[in-house]
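To start, the structure under review is shown below, and the notes come after it.
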Amino acid sequence: MTRAYYVTTPIYYINGDPHIGHAYTTIVADVLARTARTRGDAFFLTGTDEHGQKVADAASAAGLSPQEWCDRLIPKWQNLFARFDISYDDFIRTTQLRHELVVQRVFERLRETGDVYLGKYEGWYCSNDETFWLESKLVNGRCPNPECGREVQWLSEDDWFFRLSKYRDRLLQHFLDNPHWVRPRSAYNEMVAMLREGLEDFSISRSSFDWGVPIPGGGGVIYVWFDALLNYISAIDWSRDDPRFHRYWPASVQLIGKEIMRFHTLVWPAVLWALGEEAPKLVFAHGWITLDGQKIGKSLGNAIDPFELIERFGSDGVRYFLLREGHFGSDFSYSEAKIAQRYNDELANDLGNLFRRTLSMLERYRNSLVPQPGDSVFPERFAELPSRVQELIADLRFRDALEAIWELVTALNRAIDERKPWELYKAGDVRALDALLYDLCEGLRWLAVMLAPFLPERTAIMWRQLGLESGLHDDWRETLVWGGLAADTQTSLGDALFPRLELA
RNA sequence: GGCUCGGUAGCUCAGCGGUAGAGCGGGGGACUCAUAAGCCCUAGGUCGUAGGUUCAAAUCCUACCCGAGUCACCA
């Protein structure tokens with residue numbers, strides 16, 4: 001029996017509204033989960049990171065308690081994911097009791113084993129930036145932040161530390177033994193370089209504010225990062241002998257943004273090892289969506305409202321663009337013109353129009369009934385396509401997967417133009433016409449199945465118009481056999497699948 | 001400044017040792033089932049610069065130039 005598939009997104013820090021970057025990561029995870037489910041058990045986790053000073057600050061600025069603040073924001077996030085047809089199996093919030101209990105249990109356990117110990121956290125502290133600075137970073141003994149430059153003070157407090165340094169050699173060995181466990185390659189290289197420089201223990205407690213998981217026995221709260229990482233195992237009931245935990249852990253893929261690589265590829269495996277658990281199989285750091293090459297961010301004032309995008313291009317239109325435009329892992333540039341062009345050229349013109357012209361001819365020539373299959377080159381020509389696409393998706397090469405699927409789109413459009421069904425009809429060549437129409441319908445059935453993880457909303461419509469009921473999400477190895485579509489299936493011509501956008 | 005990645009046709013990128021590729025845009029053509037969509041033909045670019053290795057280099061090495069990211073307790 002194959003192991004269950006487990007995919008996670010980062011839990012999103014809820015100090016504001018969701019933006020397109022959050023949607024991006026989550027959509028990618030959704031494609032992986034939907035694809036994996038066609039083959040067996042899969043679990044898809046996302047959620048929100050709700051502790052820490054920034055949330056506390058944002059809440060107090062709004063005149064709310066941190067918990068109230070989070071509770072008010074949560075619907076926005078969950079609504080966004082609903083609008084994008086995100087099929088998560090669980091949505092964890094770090095303020096949930098089930099999570100906090102695991103965090104405390106982990107803390108206690110590591111305190112017992114000595115991987116968490118009490119030490120002194122000392123350094124030059126800038127109260128304006130709320131940051132500790134290394135002596136070597138100070139500029140003339142003042143805060144090195146060019147926008148600050150204030151005086152710093154020497155602070156010393158007792159903190160709990162995680163013994164990260166102890167795992168440095170094992171981490172390096174793990175990287176060398178598993179050259180593909182962190183992707184893309186650039187991320188892997190960065191982290192290896194960092195490991196070679198060495199690691200220091202780091203503080204995992206905070207006493208200057210109290211919005212976090214209380215340290216068992218008192219003494220402040222647990223540092224939000226230490227708390228946050230544990231969501232990946234608290235959601236699946238971490239404990240040494242829980243069968244549910246062991247069905248899913250270690251995770252198959254953990255998606256992250258490249259800014260949090262250190263925590264996920266150095267700290268996280270070390271914590272897991274300290275608990276006697278395995279590191280995740282793969283951590284994948286994706287790139288940024290840029291706007292004309294510029295990083296997107298609220299502070300830059302160019303944040304994109306994902307709800308507006310859905311309004312214009314539909315959930316599937318946005319999903320398609322995000323997965324098709326760049327190679328997953330690299331940055332890629334977003335613009336209104338680019339997404340509109342892909343939508344029109346590929347979804348409306350290539351796919352949507354193919355679907356419509358096929359059903360239209362079927363209605364005109366065959367009363368919308370799928371004819372008998374005849375001689376066909378398609379079975380042989382595309383026999384390997386589903387497994388190829390499946391592999392590309394599993395390898396997180398979404399762009400290549402969509403390009404591969406488009407080979408079938410193009411082939412079907414070409415077949416229509418080359419064999420001219422309207423002439424076959426006029427000539428009364430029933431056999432040739434039926435054979436072609438059958439291939440077109442069957443090809444579209446294949447397209448619906450292979451595109452279902454990418455375009456869950458529109459492929460469901462395709463499926464219905466093709467006269468099919470169940471089976472859209474079945475195992476490709478069984479359902480994608482050419483000839484699977486039954487003759488005499490009643491199809492129905494509907495509205496345009498992807499209505500063409502009139503561009504200014 | 002250290003480290004990482006990138007600099008290939010107008011644009012976005014693939015190729016990563018063996019006589020330069022794709023998509024889009026641009027140009028031309030034949031059709032009509034279709035969302036005036038689709039199909040066919042058409043791209044001659046010092047592969048950042050300068051050296052080096054090799055029978056042979058976008059493809060390996062060195063230096064340099066340009067761009068991006070990152071350098072640890074905000075997440």
Side-chain angles (χ1 to χ4, degrees), chain A residues 10-16 49 51-55 57 121 123 129-134 137 159 161-162 164 184-194 196-206 223-228 257-263 266-267 285 287-288 290 293-295 324-327 329-333 335 337-338 341-342 344-365 399-400 403 406 409-410 412-425 433 436-437 440 493 495-502:
Chain A
I11 47 174
Y12 303 112
Y13 200 62
I14 190 168
N15 62 347
D49 184 8
H51 289 132
Q53 183 142 31
K54 295 233 167 179
V55 167
D57 290 348
Y121 190 21
D129 290 358
E130 291 163 356
T131 303
F132 278 92
W133 297 104
L134 289 173
K137 297 271 183 186
D159 270 350
F161 281 78
F162 175 68
L164 182 62
R185 191 71 193 178
S186 53
Y188 173 92
N189 290 343
E190 279 278 349
M191 292 302 107
V192 169
M194 197 161 286
R196 293 197 191 282
E197 284 171 26
L199 294 176
E200 290 173 20
D201 294 350
F202 77 106
S203 153
I204 59 168
S205 62
R206 290 290 181 276
Y223 175 47
V224 63
W225 256 114
F226 193 78
D227 160 5
K258 59 188 177 185
E259 78 283 9
I260 54 177
M261 279 188 317
R262 185 193 344 280
F263 288 100
L266 304 182
V267 176
W288 305 122
T290 62
Q294 271 219 320
K295 191 177 167 180
R324 176 59 234 270
E325 180 66 13
H327 284 89
S330 308
D331 291 355
F332 66 94
S333 171
S335 77
K338 279 182 179 175
Q341 185 172 356
R342 283 216 184 273
N344 271 350
D345 289 355
E346 293 164 19
L347 293 178
N349 295 351
D350 291 346
L351 176 63
N353 185 52
L354 167 66
F355 187 59
R356 194 136 207 282
R357 67 199 295 214
T358 296
L359 291 187
S360 168
M361 286 189 283
L362 202 61
E363 182 180 71
R364 181 184 298 230
Y365 303 140
R399 178 189 176 136
D400 295 337
E403 278 187 353
W406 242 250
V409 173
T410 301
L412 294 173
N413 269 324
R414 185 177 294 148
I416 295 174
D417 285 279
E418 282 176 353
R419 300 174 64 187
K420 302 180 176 44
W422 48 94
E423 286 184 5
L424 296 175
Y425 178 73
L433 180 60
L436 174 61
L437 290 176
L440 294 175
L493 179 63
D495 293 334
L497 210 51
F498 297 97
R500 200 178 153 74
L501 299 167
E502 292 311 323

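First the proteins, then the strands, lettered A, B, ... as listed; each starts at 1. Worth saying up front: this structure is predicted, and the values here are computed from it rather than measured.
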Mind checking whether Trp225(A) and Phe263(A) have parallel, tilted or perpendicular rings, split at 30° and 60°?
parallel
Does any N or O in the side chain of Asn15(A) come within less than 3.5 Å of the main-chain N or O of Val55(A), such that one atom is a donor and the other an acceptor?
no
Round to a whole Å and report the spacing from [atom1] of [X] to [atom2] of [N].
X         : N       : atom1 : atom2 : value
Arg196(A) : rU4(B)  : CZ    : P     : 11 Å
Tyr365(A) : rC33(B) : OH    : C1'   : 5 Å
Trp406(A) : rA22(B) : CH2   : C1'   : 16 Å
Arg357(A) : rC31(B) : CZ    : P     : 16 Å
Ile260(A) : rU70(B) : CD1   : P     : 13 Å
Arg185(A) : rC16(B) : CZ    : P     : 15 Å

Does a side-chain N or O from [X] land closer than 4.0 Å to OP1 or OP2 of [N], or not?
X         : N       : answer
Arg356(A) : rA37(B) : no
Asn413(A) : rA37(B) : no
Asn349(A) : rG38(B) : yes
Tyr223(A) : rA75(B) : yes

Using every non-hydrogen atom in the two residues, find where [X] and [Y] come nearest and quote the distance to one decimal.
X         : Y         : value
Gly326(A) : Arg399(A) : O-CB, 3.6 Å
Met361(A) : Pro421(A) : SD-CG, 3.3 Å
Leu493(A) : Arg356(A) : CD1-O, 3.9 Å

Glycosidic torsion of rA37(B) (syn if within 90° of 0, anti otherwise) classifies it as anti
Which residue, Ser186(A) or Lys338(A), contacts RNA chain B at a nucleotide closer to its 5' end, judged by nearest heavy atom?
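Closest to the 5' end, via its nearest nucleotide, is Ser186(A).
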Sugar-phosphate means primed atoms, P, OP1 and OP2; the rest is base. With that split, encode nucleotides 23-29 of chain B 5' to 3' as B, S or - using protein heavy atoms under 4.0 Å.
-SS----
Between the side chains of Arg357(A) and Asn413(A), does any donor sit under 3.5 Å from an acceptor?
yes
For atom [atom1], what is the distance between [N] and [M], given to the nearest Å?
N       : M       : atom1 : result
rA50(B) : rC65(B) : P     : 15 Å
rU35(B) : rG44(B) : P     : 36 Å
rG10(B) : rG45(B) : C1'   : 11 Å
rG15(B) : rU53(B) : P     : 28 Å
rU8(B)  : rA14(B) : P     : 10 Å
rA57(B) : rG38(B) : P     : 42 Å

In residues 418-425 of chain A, which ones come under 4.0 Å of RNA chain B, going by heavy atoms?
Trp422(A)
Roughly how far apart are Asp350(A) CG and Leu412(A) CG, rounded to 0.5 Å?
11.0 Å
Enter the distance from Leu436(A):CG to Ile416(A):CD1 here, rounded to the nearest 0.5 Å.
7.0 Å
Salt-bridge test for Asp49(A) and Lys54(A): reply yes if a basic N is under 4.0 Å from a carboxylate O, no otherwise.
no
Base rG38(B) paired with Asp417(A) side chain (donor-acceptor, <3.5 Å):
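Yes.
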Over all strands shown, is Ser360(A) touching base, sugar-phosphate only, or nothing at heavy-atom distances under 4.0 angstrom?
sugar-phosphate
